[in-house]
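Notes to accompany the following structure.
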Amino acid sequence: MMKRSTVAAVAVLAAAVSLPAAAQFQKPEDAVKYRQSGMFVMADHFGRIGAMVNGRAPYDAAAAVKNAETVAVLATLPFAGFVEGTASTEKGKSSAAVWSKRADFDAGAKKMQDEVAKLVAAAKTNNLDTLKAAFGEVGKACKGCHDNFRNQ
Ligand code: ASC
């Protein structure tokens, strides 16, 4: 038999190793801040590609790849911040639908990540039209969730 203190220590260690998303944050507001910050930085880098495909900035193939790769990393991050009990009714914020339709929300996140992976590949083709098409698909994936899971 393990001593009670040992059992407790093992339990703490197991919890730390498995690290459920919620355990990453001290308080619910931190989870909200985390996901909003991630989305903000992701939108910034995505927007730099947008400026190129929309003719507001000169096409720089290397910068497009770098920004697409940055978006790909960022695209994995915000979802840990969607912890239970952090829905809002405020315009522009996450609605209760995120949690009541969680499978749909997760599928939307996956769709976005898949389209972002294609964006990276498109950026590497060094073809602005290819990049433009992939940019549009990512934008659609963003919008899909924003329409359904963000208060209008
Ligand atoms: C962006 C951005 C979004 C999406 C969305 C696409 O650049 O910040 O939230 O694209 O507007 O419809």
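Atoms within a ligand are numbered from 1 in the order they appear, just like the ligands themselves.
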Establish, from distance only, whether the side-chain atoms of T86 and R35 form a donor-acceptor pair under 3.5 Å.
yes
Considering only heavy atoms, which protein residues lie less than 4.0 Å from any atom of ligand 1?
A43, F46, G139, C142, K143, H146
Stepwise side chain to side chain contact (heavy atoms under 4.5 Å, CB included) check, L131 with L128:
CA-CA 5 Å; L131 182 65; L128 184 55; 4.3 Å; yes
With heavy-atom distances below 4.5 Å as the criterion, would you say the side chains of F135 and F46 are in contact?
yes
Can K110 and D106 be said to form a salt bridge (charged side-chain N to carboxylate O under 4.0 Å, His left out), step by step?
CA-CA 6 Å; K110 169 78 164 59; D106 290 344; over 6 Å; no
Is the CD atom of E90 crowded by more than 12 outside heavy atoms at less than 6.0 Å?
no
Partners passing side chain to side chain donor-acceptor pair (under 3.5 Å) against K66 (at least two apart in sequence or in another chain)
none
